[in-house]
Amino acid sequence: MKTGIIIYVLGNDPSDDAFDEKKAVKELEVGADKVEVVFSGEKHFDIMDAWFKLTTKGMHRIVCMFGEIAEHSAIKLTGREFQLCGY
């Protein structure tokens, strides 16, 4: 069963255009087949969009984890999470 994770970053989008989402996700070392990052300040891509994208990519188990920007190109998970679908 494939697992997808949505990282929901609380707060606004990073104002720095140099924020590297891929680097931030890689440093988290979460065990998932696919990861999507959603920033709470975004209006054009939200949790439902990320969920739809992951389900169309074949993810059966999708978990949403909350995080916040810790420093330049780094996300710190808060420990809060919930499962959106799967077993």
Side-chain angles (χ1 to χ4, degrees):
M1 174 173 36
K2 290 185 177 182
T3 299
I5 293 180
I6 299 169
I7 307 291
Y8 186 69
V9 181
L10 303 168
N12 294 326
D13 294 343
S15 57
D16 186 4
D17 289 335
F19 185 82
D20 187 353
E21 282 184 30
K22 289 182 183 183
K23 179 182 175 190
V25 168
K26 187 175 181 177
E27 289 178 0
L28 287 174
E29 297 179 359
V30 291
D33 297 295
K34 296 270 185 200
V35 176
E36 291 293 327
V37 178
V38 176
F39 293 93
S40 63
E42 284 187 23
K43 295 188 180 359
H44 63 278
F45 188 74
D46 60 13
I47 291 176
M48 289 301 297
D49 295 320
W51 173 82
F52 182 76
K53 189 173 181 180
L54 290 170
T55 56
T56 59
K57 299 275 184 184
M59 302 302 115
H60 295 281
R61 180 174 183 258
I62 300 175
V63 176
C64 182
M65 298 178 167
F66 291 88
E68 52 193 32
I69 296 176
E71 57 187 61
H72 186 71
S73 293
I75 297 173
K76 177 185 169 192
L77 296 176
T78 64
R80 298 187 310 169
E81 64 181 63
F82 60 93
Q83 189 164 310
L84 295 173
C85 64
Y87 299 90

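All values below come from the heavy atoms of this structure, side chains included, with hydrogens, waters and symmetry mates left out. Here the structure is a predicted model, which is why all the values come from computation and not from measurement.
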**Asked** Does some side-chain heavy atom of C64 sit less than 4.5 Å from a side-chain heavy atom of I47?
**Response** yes
**Fill in**
So CE of M48 and CG of L84: to nearest 0.5 Å the spacing works out to 8.5 Å
**Asked** Rounded to the nearest 0.5 Å, how far apart are NZ of K76 and CG of L28?
**Response** 12.0 Å
**Prompt:** Rounded to the nearest 0.5 Å, what separation is found between the NE2 atom of H44 and the CG atom of D49?
**Reply:** 9.0 Å
**Item:** E81 CD to I7 CD1 distance, which is reported to the nearest 0.5 Å
**Value:** 9.0 Å
**Request:** Would you check if I5 and V25 make a side-chain contact, meaning some heavy-atom pair closer than 4.5 Å?
**Result:** no
**Request:** Kindly give the heavy-atom pair with the smallest separation between K57 and K2, and that separation in Å.
**Result:** O-NZ, 4.4 Å
**Request:** Taking the side chain as every heavy atom from C-beta outward, state whether T55 and I62 have any pair of such atoms under 4.5 Å apart.
**Result:** yes
**Request:** Output all residues satisfying ring pair (Phe, Tyr, Trp, His ring centres under 6.0 Å) with F52, sequence neighbours left out; order by chain, then residue number.
**Result:** none
**Request:** Mind listing the closest non-hydrogen atom pair of A74 and E27 along with its distance?
**Result:** CB-OE1, 4.4 Å
Side-chain atoms of residues 29-39: list all donor-acceptor pairs with protein atoms under 3.5 Å, sequence neighbours left out, distances to 0.1 Å.
unit_1, atom_1, unit_2, atom_2, d
D33, OD2, T3, N, 2.8

**Fill in**
Minimal heavy-atom distance between I6 and W51, with the atoms involved, is CD1-N, 3.7 Å
**Fill in**
Taken in chain and number order and not counting sequence neighbours, the residues that satisfy side chain to side chain contact (heavy atoms under 4.5 Å, CB included) with F66 are Y8, L10, T78, R80, F82
